[in-house]
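Below, chains carry the letters A, B, ... as their sequence lines are ordered, and counting in each starts from 1. The structure displayed is predicted, hence computed values, not measured ones.
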Amino acid sequence: MISVRTLSKRHGDRQVLKDVSADVAKGETIAIVGPSGGGKSTLLRCLNYLETFDEGTVEIAGFKLRPNMTSRADIATIREMRVRVGMVFQQFNLFPHLSAIDNITLAPRIVKQEAPGKSLERGLELLAKVGLRDRAGAFPHELSGGQQQRVAIARALAQQPDVMLFDEPTSALDPEMRDDVMEVMKDLAAGGMTMLVVTHEMQFAHDIASRVWVIDQGTIAEDGPPSQVVDNPRTAVAREFFSRIRK
Amino acid sequence: MVAYAAVNRGLVLIALACALIACGTSADPAGQTLAGIQQRGEITWGADIQGGEPFVYEDPQNPSQLIGFEVDIMNGIARRLGVKARMVQYTWSNLVPSLERGDFDVVMNGLESTAERRERILLSDPYYVYAETLTVRAGEPYRSLFDLTGRSVGTLNQTVAHDILLAIPTIEPKVYEGNEEPYRDLELGRTDGVLLDNIIADRYGCINKALRCLPYDVARGVYVIGIRKGDADLKKAIDGALAEMRKDGELQKILEKHKLWDHRQTEQQTGGGITRPARSFDGEMLWQFLQAAWVTLKISLLAFLLAVPLGMLLAVGRVYGATPLRVAARIYIEVFRGTPVLLQLFVLYYGLSDVIQLGPMEAAILGLGLNYAAYEAEVYRGALLAIPRGQSEAARALGMGPWQTLRHIMIPQALRLALPPMTNDFVSLLKDSSLVSVITVIELTKRMTIAAVDMRGWLIPGIACAAMYLLLSFPLSELARRLERRLARDQRPHTL
């Protein structure tokens, strides 16, 4: 589903990503962990081209991404790819001028040109799936953080993506609200969605992820199933990171 | 204590300002102007150099020097009174009220002798006999004013010619402020005739080959010097001086020098023009005010309807456009924001009339709309920049293109943020729309100044005018407040 080859990105003279290569199969759930400033979010954002990169390639959902994609055809490719790749942000980024249901149905209507009736029907289904069927008409500021993030997940799912990218989806939430969001993500993983999740939730990494990547200084320092990476880390970086987290 | 000191300082400032104003006026108590003139050795006279050649104007060879037949006549009068004459610049339409306030001793600037002026101030004996001349386009068959039934005829505000036009209800008068514009609009076909004093017609209309001045006089009248009521002794002195000048030939010499001497000056004159009694604020005037308010509202609304989308386009161009677009938007904004809207209206209506011919309403709406678009553009630019980056990222991540992101995400949110400053701008536009009277549109403020002349007082028309502006702006700001509450539900003020 995803294959990253020799991906590199510089910010001025700082190397943010160094020669990253990795593969994700359909249905896998990857937990991306590691010390802050290590390049987790940057890697995730390169996958749907919200961030550009300097070298390497990304293949995702059947689309091939390269550096310097600026031609008309390239831009069309990027937009098609983004329809197949959903993204959820740390700050939710719901559109404050639209109700929950309109947040969800806007993109299917204008990007995929779906009939309003059809997108509304599926939007309501998705709201039911994240437990917010009764808040369809609510505006973002009337929802709690956890509810907003669940609407944001439903919004990303409304495009019927093949891959879902989560950028620290629970970091901005109070502990009691995280569980609701986690529950939704767990169901999603169980349903066979391919997911990459940048997270600090070790519970999630341990219990739900099929694989864990530890990213430090722009490289994937360790890559393996949670039983191996979380419970018996091989590298010093991973050992130090997990011991600090557990404290 | 601090507050007390501040109040005290304020009072001192007010007192100082009053003292300065008092020093600025040369007013003598009513009835003692002549004594004051003789004591100071100087007579001050109010005039407006915008009236131009041949009345009072700046010498082209030496612009600091004023010349004109009125300068020469006034100097002649002053010499006979044993004093010097000094001209004081005032807007023509304010000359009589300013005389009454005591800003100068007399008015001399093509002031026509009319019944209503005779009621209000003292008038000297005439120093010039003028005629009202009708000018039409060459080749058109009009032979008298009455042939122009149902047509519009240009003239200057507050003139006898204007009164004559108002006395013929089937003619639609069009009121200008300058000497050149009525003839320009006649040539362009915006009007079908111009009725003005022969002095103006000879210099600005009849010399134009595209125009034709009718050979006979529509009416005759005289120019006189305006003197405050109660200064009968001053009137007597001025009349005496004028009689001497007529007798010893100085007046004729001055008029000949300025090419103004004609057969009319020696013919017996028959009374003065048309009399219009003072009006009161009756139903008809209220109706005129309501019509003017409607014009103001219409111009403001349509101009704003133009300014909003154009401003948004400029803002988007300036924030997101490629370099040439960004530069073009920036230049537009700087030019339209950095030059007076009055000038822009003049250029649009008169300056560009060879390229495109706009009616006064169209020019007013277009001019104000183009001007306000520059202001709106900056409001929207600020609003676009205030939207969190996450919003456009979320839109892009959903596969929206730049236009979709702008249309569905950025612009709706920018408009919400911009609502309070937009309301501000609209109220400001409502008042700025009074500027369009320079291109002959009669809107609320213009109606007020006309009514003030008709009613011989500013107070009631002023209050009516202010009330109507408030009646227009208040519901609009109330509407905006409701819209704001509905659209920007989540934008509550921070707790401080």
Asker: Which atoms of A/Arg84 are under 4.5 Å from chain B, going by heavy atoms: the side chain, the backbone, both sets, or neither?
Answerer: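 For A/Arg84, neither part sits under 4.5 Å from chain B.
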Asker: Could you check which of B/Arg396, B/Arg389, B/Arg407 has the highest count of heavy-atom pairs closer than 4.5 Å to chain A?
Answerer: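 The answer is B/Arg396.
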Asker: Can you tell me which of A/Leu94, A/Asn48, A/Leu165 forms the most heavy-atom pairs within a distance under 4.5 Å of chain B?
Answerer: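 Counting heavy-atom pairs under 4.5 Å, the top option is A/Leu94.
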Asker: Charged N to carboxylate O below 4.0 Å: is that the case for A/Asp23 and A/Arg5?
Answerer: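 A salt bridge is present here (some side-chain N lies under 4.0 Å from a carboxylate O).
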Asker: Just give me the residue among A/Ile110, A/Val85, A/Val83, A/Val111 that pairs up with chain B most often, heavy atom to heavy atom, under 4.5 Å.
Answerer: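 Among the listed options, the one with the most contacts to chain B is A/Ile110.
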Asker: Looking only at side-chain N and O atoms, does B/Gln404 offer a donor or acceptor that is under 3.5 Å from a partner on A/Arg79?
Answerer: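 Distance-only check passes for A/Arg79 and B/Gln404.
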Asker: Could you tell me whether B/Glu443 and B/Arg447 make a salt bridge, using a distance below 4.0 angstrom between a side-chain N and a carboxylate O?
Answerer: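 No salt bridge links B/Glu443 with B/Arg447.
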Asker: For atom CG of A/Asp174, decide whether the heavy atoms of other residues, nucleotides or ligands shown that lie under 6.0 angstrom number more than 12.
Answerer: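 Yes, CG of A/Asp174 has more than 12 neighbouring heavy atoms, counting only those of other groups under 6.0 Å.
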Asker: Looking at A/Asp54 and A/Lys9, is any side-chain nitrogen of the basic one under 4.0 Å from a carboxylate oxygen of the acidic one?
Answerer: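 A/Asp54 and A/Lys9: not salt-bridged.
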Asker: Check each atom of A/Phe89 against the heavy atoms of chain B and say whether the ones under 4.5 Å are side chain, backbone, both or neither.
Answerer: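 Looking at A/Phe89, just its side chain touches chain B.
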Asker: Side chain, backbone, both or neither: which part of A/Gln159 has an atom under 4.5 Å from a heavy atom of chain B?
Answerer: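 Contact with chain B involves the side chain of A/Gln159 alone.
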